[in-house]
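Note sheet for the following structure.
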Amino acid sequence: MKLDHLAIAVADLDAALTFYRDALGLELDGIEAVEREGVRIAFLPLGDGTSRIELVQPTRDDTGIAKWMAKHGPGMHHVCLAVPNLESALARLVAHGCELIHPQPVRREDGTPYAFIHPRSAFGVLVELYEKPE
Ligand code: ZN
């Protein structure tokens with residue numbers, strides 16, 4: 001299991017880059033606008049690039065992340081771990097009584113299967129799982 005990304009919710013992506021890229025010194029790999037999800041995302045790889053920080057800025061008010069920010073303000077939103085087999089990871093979680101936001105894997109636009117675990121089961125942290133073959 002590997003850390004895939006840490007997602008940080010920000011109100012203004014360009015302002016956030018003055019810290020994460022300019023002051024902290026992380027590399028910016030690119031910025032993507034995902035219309036379907038109502039977000040702009042900046043990717044900042046760490047080390048060899050298998051893990052990264054993602055800055056996520058909501059671009060509409062009706063999205064999950066916009067609602068989350070309205071309640072919590074900007075800050076760490078979720079941690080994403082890459083697992084070799086998502087179905088078996090979810091089955092294991094269910095067997096341990098964990099509450100899943102996505103009981104079945106869903107797919108990103110690029111085809112990557114993912115699922116979110118409810119923060120109630122993860123001691124206050126929203127955890128995302130990606131399926132990525134090792
Ligand atoms: Zn994520």
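Note that ligands are numbered from 1 as they come in the structure, with each ligand's atoms numbered from 1 the same way. What you see is a predicted model; the values in this text were computed from it and never measured. Residues take their numbers from the sequence shown, with the count starting at 1.
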Exercise for the section: Take atom CG of D62 as the centre, draw a 6.0 Å sphere, and report whether it contains more than 12 heavy atoms from other residues, nucleotides or ligands. Expected result: yes
Practice task
Answer yes or no for H77: is there an N/O/S atom below the 2.8 Å cut-off from the Zn ion (ligand 1)?
Solution key: no
Problem - Option from V10, D14, D12 for which side chain to side chain contact (heavy atoms under 4.5 Å, CB included) with R40 holds - result: D14
Completion exercise
Looking at H78, the N, O or S atom sitting nearest the Zn ion (ligand 1) is NE2
Practice task
Please indicate whether E27 has more than 12 foreign heavy atoms, meaning atoms of other residues, nucleotides or ligands, lying under 6.0 Å from its CD.
Solution key: no
Handout entry: the Zn ion (ligand 1) to nearest N/O/S of C80 less than 2.8 Å
Key = no
Problem - Which N, O or S atom of H5 lies nearest to the Zn ion (ligand 1), by name - result: NE2
Exercise for the section: Please determine if the Zn ion (ligand 1) has an N/O/S atom from E54 lying under 2.8 Å away. Expected result: no
Handout entry: Side-chain heavy-atom pair I8, M76 within 4.5 angstrom cut-off
Key = yes
Practice task
Kindly give the atom name of the N, O or S atom of E128 closest to the Zn ion (ligand 1).
Solution key: OE1
Practice task
Return the orientation label for the H77 and W68 ring planes: parallel under 30°, perpendicular over 60°, tilted otherwise.
Solution key: perpendicular
